[in-house]
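Everything numeric in this text was worked out from a predicted model, so none of it was measured. We're numbering straight along the sequence, starting at 1.
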Amino acid sequence: MGESGMRALILVGGYGTRLRPLTLSRPKPLVEFANKPILLHQVEALVKVGVSEVILAVSYRAEQMEKELVLEAKKLGVKMVFSHETQPLGTAGPIALAAEHLTKDNKPFFVLNSDIICDFPFKKLMDFHKAHGKEGTIVVTKVEEPSKYGVVVYDETKCIESFVEKPQEFISNKINAGLYILNPSVINRIELKPTSIEKEVFPNMAAEKELYAFELQGFWMDVGQPKDFLIGMCLYLKHLRTTDPERLYSGPGVVGNVLVHSTAKIGKSCQIGPNVVIGPGVVIEDGVCIKRSTILEDATIRSNSWLESCIIGWRCIVGQWVRMEGITVLGEDVIVKDETYINGGQVLPHKNIGDSVRTPQIIM
């Protein structure tokens, strides 16, 4: 356990447009990742290090989030506070908006982007932050292609020197991982208006040598869009294999890392895996092959269908002898008729699909 009575702010104000069509039915933080709402992975990790109050910076569909999360917070024994934005405030404005909560007892607080999945290192982060004694610490993670991101440059003591946006030549392969611990004094740097913490607050802190980098070990992914959601799922399942193998499913026809909810039903002669998550109430009929996919609650996959790199939404019905691949995402309550082929389709909720879709497209 860490220090009790700490607080955390989670930025959940976005519209979730990158994860459509799933976010047309529910707010992105409530979409299940590995059979648990994305946000709960974060909240559970925060509770483990003694965080007793989680502030959610919300703007979009806040009522639905409040309803579901208040129950979960009760189970976890954590207080959940909803900080409502009347206009989108970027990544720093929400900190100013929640100032009265974050400055109550002058302790450092965590800030998280709500799309991040990793092996949350909150205890080590807290210890590192206390040891250097400065105003803020950013978690950084190593990436293969730094030219796609803004990179963080720091010295051997981990004191951040600068941020460079999409560098064309190699200067660093460490990027901001979207997890921070900050002293309450940071709030004096932020105005209550739309503000970017990355572009407007952190560079000033770095110039004053008040910002340090904590290097994340292990996996990390921003799961805010379908392609990355599936990559993150593979990384998470691999991580489970080493940390909690009991949770993974083993049975006839299962290959590699597979997570199956106890209420799901799997038929005969199926091949499930590698890298598959099957949610509660899901029915998989005989002879189905599923690879590198997530099947959400109460979906049905009829016999002899073949799915690879798909996210199947809640209560969908996929017919017999269907083939789906190429990062296909079905919104809630979609029916795919027998013998249909879909390659990279993003299908809006409540649709019936009877014609094949051979090129990636949005199906209205």
S.K.: In terms of side-chain geometry, is the basic nitrogen of Lys36 or Glu44 positioned less than 4.0 Å from the acidic oxygen of its partner?
M.R.: yes

S.K.: Once you round to the nearest 0.5 Å, how far does CG of Leu296 lie from CD1 of Ile312?
M.R.: 8.5 Å

S.K.: Cut-off 3.5 Å, side chains only: do Asn35 and Glu32 have a donor facing an acceptor?
M.R.: no

S.K.: Hey, would you say the Phe120 and His41 ring centroids sit under 6.0 Å apart?
M.R.: no

S.K.: Under a 4.0 Å threshold between the charged nitrogen and the carboxylate oxygen, would Asp338 count as salt-bridged to Arg302?
M.R.: no

S.K.: Salt bridge or not between Lys134 and Glu208? Use side-chain N to carboxylate O under 4.0 Å.
M.R.: no

S.K.: Any luck finding a side-chain donor-acceptor pair between His239 and Asp244 under 3.5 Å?
M.R.: no

S.K.: Is a side-chain N or O of Thr141 found less than 3.5 angstrom from the main chain of Ile175, in a donor-acceptor match?
M.R.: no

S.K.: Looking only at the side chains, is there a donor atom on one of Arg358 and Asn343 sitting less than 3.5 Å from an acceptor on the other?
M.R.: no

S.K.: Go through Asn183 and Ser185 one step at a time and tell me if the side chain to side chain donor-acceptor pair (under 3.5 Å) criterion holds.
M.R.: CA-CA 5 Å; Asn183 291 349; Ser185 55; 4.9 Å; no

S.K.: Is Glu285 salt-bridged to Lys265, cutoff N-O under 4.0 Å?
M.R.: no

S.K.: Determine whether the side chains of Ser83 and His101 contain a donor N or O and an acceptor N or O closer than 3.5 Å.
M.R.: no

S.K.: Does a side-chain N-to-carboxylate-O contact under 4.0 Å join Lys337 and Asp355?
M.R.: no

S.K.: Should Arg292 and Glu308 count as an ion pair when the cut-off is N to O under 4.0 Å?
M.R.: no

S.K.: Does the salt bridge (charged side-chain N to carboxylate O under 4.0 Å, His left out) test come out yes or no for Glu325 and Arg323, once each step is laid out?
M.R.: CA-CA 7 Å; Glu325 60 191 339; Arg323 182 178 176 113; 3.4 Å; yes

S.K.: Is it the case that the side chains of Tyr212 and Glu135 hold a donor-acceptor pair, with the cut-off being a distance below 3.5 Å and no angle test?
M.R.: no

S.K.: Could you tell me if the ring centre of Phe110 sits under 6.0 Å from that of Tyr180?
M.R.: no

S.K.: Under 3.5 Å, is there a donor on one side chain and an acceptor on the other for Thr91 and Glu198?
M.R.: yes

